[in-house]
Student: 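Encoded as C-alpha cells, here's the structure I'll be asking about.
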2 protein chains.
Amino acid sequence: MDEILKIDDVAKQSGLSKRTIRYYEEIGLLPPPPRSKGGTRLYTQEHVEFLKKITIAKEVLGFTLQELQHFISLRETLENQRADYRKVTDPKERKVKLAEIIEVLDDQLEMIEEKIEKILSVQSELKTLRERAQAAMVKINQELSNL
Amino acid sequence: MDEILKIDDVAKQSGLSKRTIRYYEEIGLLPPPPRSKGGTRLYTQEHVEFLKKITIAKEVLGFTLQELQHFISLRETLENQRADYRKVTDPKERKVKLAEIIEVLDDQLEMIEEKIEKILSVQSELKTLRERAQAAMVKINQELSNL
DNA sequence: AAAAAAATTGACGTTAACGTTAAATGTAAA
DNA sequence: TTTACATTTAACGTTAACGTCAATTTTTTT
C-alpha cells in the first residue's frame with residue numbers, strides 16, 4: 001500500500017490539473033516529492049490527501065494560496081512541538097510560539113463562525129425564495145386546472 | 001428618510017470602493033441609479049442594501065460576479081410573477097419558467113448544504129488543532145514551573 | 001530497439017475583478 | 001464667485017491562479 005503515483009494519477013485523484021499541482025509546488029505550497037532518476041515526480045497517497053485538504057480550505061474559506069501557506073506553516077510549527085524538538089528548544093521560546101499559534105487559530109475559528117452565520121443567512125433567504133416559487137407554482141396549477 | 005446618497009457615501013456604507021461600485025454598474029450587476037442634471041449618480045439606501053447582499057453572497061458562496069448576475073435575474077423573474085405580469089403572460093409559459101427557477105434554487109440550496117458540511121469539517125479540524133496547542137501549552141507551563 | 005505515451009521545463013497567454021491615473025466637468029463651501 | 005473638493009469617463013495597469021503551447025526527455029508499450 002505504498003503505491004507510487006505519477007502526476008497524472010494525483011491529478012485524477014485530487015481533481016486538480018497537472019499544471020496546478022506543479023504550480024502549487026512551485027510556490028511552495030505542496031512539498032516537493034522525490035524524483036526518479038530521470039526527473040519524474042513520484043508522489044504518494046499523502047500528497048493526494050494534502051491536496052484535497054488544501055482544496056477544501058480554499059473553496060470553503062475563500063483563502064488565497066498565500067493565506068493557505070501561512071496556515072500550513074502553522075500546522076507544521078505545531079507538529080514540531082513534539083518529541084525531540086522539545087529537548088532542543090528553549091521552553092520559553094516554545095511558549096511564545098505556541099501562544100502565537102493559539103491566537104491565530106482563535107482568529108481563524110472566529111472567522112469561520114462568521115462565515116457560517118453568513119452562509120446560513122443566505123441559505124434562509126434562498127429557502128424563502130424557494131417557498132415563494134412553490135406557492136406561485138401551486139397557483140398556476142390551479143389556474144390551469146380551471147380551464 | 002429618502003436620503004439621496006452620492007457614490008462616496010455608498011462606498012463608505014457598503015465597504016466597497018467607488019471604482020467597484022461603478023464597475024458593478026458597468027457589468028450590469030447594480031441597477032443604474034438616476035443622475036443629477038450634471039451627471040452625478042444619485043443613490044438611495046436600497047442600493048446600499050443591494051450591494052451588501054451581493055457582497056455577502058460573493059464572499060460566502062464564492063460566487064463570481066457572473067454567477068451573481070444569473071442569480072439576481074432569477075430573483076427578478078420571480079418578482080415578475082406578480083400582479084399585472086400574470087394577466088399578460090401565458091400561464092403555461094410562466095409555469096415553465098417557474099419550474100426552471102425552482103430547479104436552479106434547488107441546485108443552489110444543495111450546493112450550500114455541501115459548503116456547510118465542508119466548512120464544518122474544516123472547523124472541527126481547527127478545533128482539534130487548537131486543543132492540541134492548548135495541551136502543549138499546559139505541558140510547557142508545567143515544565144516551566146518545575147524550575 | 002523502435003514507437004507511442006507521458007512527464008519536464010520554459011515561456012507566453014488569459015481572465016476576473018478591480019486599482020490607478022489623468023483630464024474634464026460638476027458640486028459645495030467660503 | 002472663486003476656491004476647494006468630488007464625480008465622471010476613459011484608458012491603461014495589476015495580480016492571482018492557473019491555461020496553453022512547444023521543444024525536449026523519460027517512461028512505457030510493443
Side-chain angles (χ1 to χ4, degrees), chain A residues 2-45 47-48 50-73, chain B residues 2-45 47-48 50-73:
Chain A
D2 233 49
E3 283 279 326
I4 283 178
L5 307 174
K6 281 188 302 176
I7 197 164
D8 197 51
D9 308 322
V10 176
K12 272 166 192 160
Q13 287 193 44
S14 67
L16 300 173
S17 74
K18 293 185 275 185
R19 168 65 166 122
T20 298
I21 295 169
R22 292 197 197 98
Y23 177 66
Y24 284 4
E25 180 183 337
E26 187 186 328
I27 65 174
L29 194 56
L30 181 67
R35 305 282 190 121
S36 74
K37 183 89 197 286
T40 299
R41 272 167 261 248
L42 305 174
Y43 297 94
T44 73
Q45 197 63 31
H47 290 94
V48 175
F50 184 82
L51 286 173
K52 282 186 183 172
K53 278 192 190 173
I54 282 182
T55 306
I56 288 185
K58 201 193 156 210
E59 257 188 59
V60 168
L61 304 181
F63 277 10
T64 71
L65 298 182
Q66 270 202 23
E67 289 167 326
L68 280 179
Q69 289 198 35
H70 186 207
F71 182 72
I72 285 164
S73 77
Chain B
D2 233 50
E3 284 279 327
I4 283 179
L5 307 174
K6 281 190 300 177
I7 197 164
D8 198 50
D9 308 322
V10 176
K12 273 165 191 159
Q13 286 193 44
S14 68
L16 300 173
S17 74
K18 293 185 274 186
R19 168 65 166 124
T20 298
I21 295 168
R22 292 198 197 97
Y23 177 67
Y24 283 4
E25 180 184 336
E26 187 186 327
I27 65 172
L29 194 56
L30 181 67
R35 306 282 190 121
S36 73
K37 184 88 197 289
T40 301
R41 270 167 263 246
L42 306 174
Y43 298 94
T44 73
Q45 197 62 31
H47 290 93
V48 175
F50 185 82
L51 286 173
K52 282 186 183 172
K53 278 192 192 174
I54 283 184
T55 306
I56 289 184
K58 200 193 156 208
E59 256 188 61
V60 168
L61 304 182
F63 276 10
T64 70
L65 299 182
Q66 270 201 22
E67 288 167 326
L68 281 179
Q69 290 198 34
H70 186 206
F71 182 71
I72 286 164
S73 77

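Side-chain atoms are counted along with the backbone in the values below, which use heavy atoms only and exclude waters and symmetry mates. So that the names make sense, note that chain A is the first sequence line, chain B the second, and so on, each numbered from 1.
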Student: How about CD on Gln66(B), more than 12 heavy atoms from neighbouring residues, nucleotides or ligands closer than 6.0 Å, or not?
Tutor: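 Incorrect, the count does not exceed 12.
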Student: Going from CD on Glu3(A) to OG1 on Thr44(A), what distance comes out if it is rounded to the nearest 0.5 angstrom?
Tutor: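 Glu3(A) atom CD to Thr44(A) atom OG1 measures 11.0 Å (nearest 0.5 Å).
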Student: Here's a test of your reading of the structure: between Lys6(B) and Asp9(A), which maps to the more 5' nucleotide of DNA chain C?
Tutor: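 The residue closer to the strand's 5' end, by nearest nucleotide, is Asp9(A).
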Student: State, to 0.1 Å, how close Ser17(B) and Ala11(B) come at their nearest heavy-atom pair, and which atoms those are.
Tutor: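 That closest heavy-atom pairing would be C-CB, 4.4 Å.
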Student: Between dC18(C), dA6(C), dT8(C), which nucleotide has the shortest distance from any of its atoms to the side chain of Arg22(A)?
Tutor: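 The listed nucleotide nearest to Arg22(A)'s side chain is dT8(C).
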Student: In whole angstrom, give the distance that lies between atom CZ of Arg35(B) and atom P of dT8(D).
Tutor: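 The distance from CZ of Arg35(B) to P of dT8(D) comes to 6 Å, rounded to the nearest Å.
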Student: By a strict heavy-atom criterion of less than 4.0 Å, which residues belonging to residues 57-70 of chain B are in contact with DNA chain C?
Tutor: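 Contacts with DNA chain C under 4.0 Å: Lys58(B), Thr64(B), Leu65(B).
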Student: So, applying side-chain hydrogen bond (donor to acceptor under 3.5 Å, both in side chains) with Gln13(A), which one of His47(A), Lys52(A), Gln45(A) is it?
Tutor: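 Considering His47(A), Lys52(A), Gln45(A), a side-chain hydrogen bond (donor to acceptor under 3.5 Å, both in side chains) with Gln13(A) is found only for Gln45(A).
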Student: Could you state the CD1-C1' distance from Ile7(B) to dG26(C), rounded to the nearest angstrom?
Tutor: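 For the pair Ile7(B) CD1 and dG26(C) C1', the rounded distance is 14 Å.
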Student: Output the distance between atom CZ (Phe50(A)) and atom OH (Tyr24(A)), rounded to the nearest 0.5 Å.
Tutor: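 That separation rounds to 10.5 Å.
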Student: From CD1 of Ile27(A) over to C1' of dC18(D), roughly how many Å is that when rounded to an integer?
Tutor: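 Computing the Ile27(A):CD1 to dC18(D):C1' distance gives 10 Å.
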Student: Using a heavy-atom distance cut-off of less than 4.0 Å, which residues of residues 11-20 of chain B contact DNA chain C?
Tutor: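 Residues of residues 11-20 of chain B under 4.0 Å from DNA chain C: Ser17(B), Arg19(B), Thr20(B).
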Student: Can you tell me how far CD1 of Ile54(B) sits from CG of Leu65(B), rounded to the nearest 0.5 angstrom?
Tutor: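 Reported value, rounded in 0.5 Å steps: 8.0 Å.
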Student: Just compare dT26(D), dT7(D), dA17(C) and give me whichever is closest to any side-chain atom of Tyr23(B).
Tutor: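 When the side chain of Tyr23(B) is considered, dA17(C) is the closest of dT26(D), dT7(D), dA17(C).
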Student: Could you tell me the separation between the CD atom of Glu25(A) and the P atom of dC18(D), rounded to a whole number of Å?
Tutor: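 Value for this atom pair: 15 Å.
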Student: Roughly how far, to the nearest 0.5 Å, is the CD atom of Glu25(A) from the OH atom of Tyr43(A)?
Tutor: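 Answer rounded to 0.5 Å: 5.5 Å.
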Student: Just the rounded figure in Å: distance from C1' of dT27(C) to CD1 of Ile4(B).
Tutor: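 Rounded to whole Å, this separation is 14 Å.
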Student: Rounded to whole Å, how long is the line connecting atom CD of Glu26(A) with atom P of dA17(D)?
Tutor: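 In whole Å, dA17(D) P lies 13 Å from Glu26(A) CD.
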Student: Would you give the length of the straight line joining atom CG of Leu29(A) to atom CD1 of Ile21(A), rounded to the nearest 0.5 angstrom?
Tutor: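 Taking CG in Leu29(A) and CD1 in Ile21(A), the distance rounds to 12.0 Å.
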Student: Start with the C-alpha gap between Arg35(B) and Leu42(B), add the side-chain angles, then the distance that decides, and say whether side chain to side chain contact (heavy atoms under 4.5 Å, CB included) holds.
Tutor: CA-CA 5 Å; Arg35(B) 306 282 190 121; Leu42(B) 306 174; 5.8 Å; no
Student: Whole Å only: how far is the CG atom of Leu5(B) from the P atom of dT27(C)?
Tutor: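 Atom-to-atom, Leu5(B) to dT27(C), this comes out as 16 Å.
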Student: Rounded to whole angstrom units, what separation is found between the CG atom of Asp8(B) and the P atom of dA28(C)?
Tutor: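 My rounded result for the distance is 13 Å.
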Student: Does Arg41(A) have a side-chain nitrogen or oxygen under 4.0 Å from the phosphate oxygens OP1 or OP2 of dT26(D)?
Tutor: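 No, Arg41(A) has no side-chain N/O under 4.0 Å of OP1/OP2 on dT26(D).
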Student: Closest approach to the side chain of Thr40(A), judged atom by atom: which nucleotide of dA17(C), dT8(C), dT7(D) is it?
Tutor: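 Selected nucleotide: dT8(C).
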